[in-house]
**Student:** 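Quick one: this structure, given as structure tokens, is what I'll be asking you about.
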Amino acid sequence: MKRVMVATWDFGFKAVAKGLAILKSGGSPLDAVEEGIKVVEDDLEVLTVGLGGLPNFKGEVELDASIMDGGTLRCGAVGALKHIRHPISVARKVMELTPHILLVGEGALEFALKCGFKQEFFWKPNAREKWVEMLEKIKREALEERSFYGKVLRVMRDFWRETVSVIALDTNCSMAAGNSTAGLFMKMPGRVGDSAIIGAGIYVDNRTGGAVTTGVGEIAVNYCLSKRVCDLMSMGLNPHEACEKAICETLYLKNFINGIAVLALNNKGDVGAATSLKEFTYAYQDDDMDRPELKKIRGILT
Ligand code: GLY
């Protein structure tokens, strides 16, 4: 069995390269996922992931992240976590050190500080400026439309590159998955998205494979999207078929403005993806490759 790493979006390139190097040097899939995601959390050019990125409506950055081990099904997550540089590492501590799965807000911060993480305050370049600019734009247009959050989602339509979501497969078929995001830009304070919800933004089981999402988190939560894709794979669909079917199911009732993407990797190393966004890019690397490759897919409706 070859080692494989996949991750969402162009910035997933760095996560995949780092993660595969860790697998090759004997690290576990959990290490590969965590360290890969940390690279993107630290990247000053990625404003949608990590501390200092694009904030909520009030100008506060609230981070969501989760991690899951495909062998034990153990998992940990944080939601609306402020001031911590690596929410993915706090999620791992939730998995390893607590009897719980999800900690949010103040409780998550308190737990992180007890674990030794440092509280930090900074903006990535341009993040604050983009918030001010968007606030003005939305306020202006919302006054005309009288529907503030509907307007937010429409303004965001072409701005969808948010979560870094990663799946790792090792030579012995052990798997892990994780993700991290600053969440939906201009979200309501306290909103927690799919990235912190096991079964929505992330699911992995060594017996089948894993699936992760990116896009409007509410869709993934509403349709339990990652678990749905894993269930479809366990019924015999290949990752591509499972992703397409699950995305089609999310479109049936037309409840949401904008879309979602799902990326899946089964325990044989086969990959699939589908999206109801205009397009979606993911990074892929296996043992036979020197560097990750970016693969672009078109949206199911385009
Ligand atoms: N998919 C990330 C979010 O909706 O927060």
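Not measured: the values here are computed from a predicted model. Both ligands and their constituent atoms are indexed starting at 1 by order of listing.
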**Student:** How does Arg191 reach ligand 1, if at all, at less than 4.0 Å between non-hydrogen atoms: by side chain, backbone, both, or neither?
**Tutor:** side chain
**Student:** Inspect the contact between Glu218 and Arg191 and indicate whether a charged nitrogen and a carboxylate oxygen are less than 4.0 angstrom apart.
**Tutor:** yes
**Student:** Only heavy atoms of Ser195, strictly under 4.0 Å: list the atoms of ligand 1 that pass.
**Tutor:** 2 (C)
**Student:** Can a side-chain donor-acceptor contact be found between Thr213 and Asp194 if the only test is distance below 3.5 angstrom?
**Tutor:** yes
**Student:** For ligand 1, which atoms sit closer than 4.0 Å to a heavy atom of Gly183?
**Tutor:** 5 (O)
**Student:** With no hydrogens and no angle check, do the side chains of Gln119 and His83 hold a donor and an acceptor under 3.5 Å apart?
**Tutor:** no
**Student:** Kindly say whether Asn206 contributes a backbone atom to a donor-acceptor pair with the side chain of Asn267 at under 3.5 angstrom?
**Tutor:** yes
**Student:** With heavy atoms of Gly215 as the reference, note each atom of ligand 1 found under 4.0 Å away.
**Tutor:** 1 (N), 2 (C), 3 (C), 4 (O)
**Student:** Heavy-atom contacts with Thr163 under 4.0 Å: which atoms of ligand 1 show up? List them by number with element.
**Tutor:** 1 (N), 2 (C)
**Student:** Would you say Thr181 has any N or O atom under 3.5 Å from an N or O of ligand 1, going by distance alone?
**Tutor:** no
**Student:** In this structure, does ligand 1 have an atom that sits under 4.0 Å from one of the heavy atoms of Glu218?
**Tutor:** no
**Student:** Where does Ala220 meet ligand 1, judged by heavy-atom distances below 4.0 Å: at the side chain, the backbone, both, or neither?
**Tutor:** neither
**Student:** Go through the side-chain N and O atoms of Ser28 and Asp31 and say whether any donor and acceptor fall under 3.5 Å apart.
**Tutor:** yes
**Student:** Which atoms of ligand 1 have any heavy atom of Leu184 under 4.0 Å away?
**Tutor:** 5 (O)
**Student:** Looking at SG of Cys243 and CZ of Arg228, how far apart are the two atoms once the value is rounded to the nearest 0.5 Å?
**Tutor:** 12.0 Å
**Student:** Quick one: CG on Leu263 to NZ on Lys295, what's the gap to the nearest 0.5 Å?
**Tutor:** 11.0 Å
**Student:** My understanding is that only one of Lys18, Lys38, Lys14 makes a salt bridge (charged side-chain N to carboxylate O under 4.0 Å, His left out) with Asp43; could you say which?
**Tutor:** Lys14
**Student:** Ligand 1 versus Asp194, non-hydrogen atoms closer than 4.0 Å: side chain, backbone, both, neither?
**Tutor:** side chain
**Student:** Is there at least one pair of N or O atoms, one from Gly217 and one from ligand 1, spaced under 3.5 Å apart?
**Tutor:** yes
**Student:** Does any N or O of ligand 1 fall below 3.5 Å from an N or O anywhere on Gly193, backbone included?
**Tutor:** no
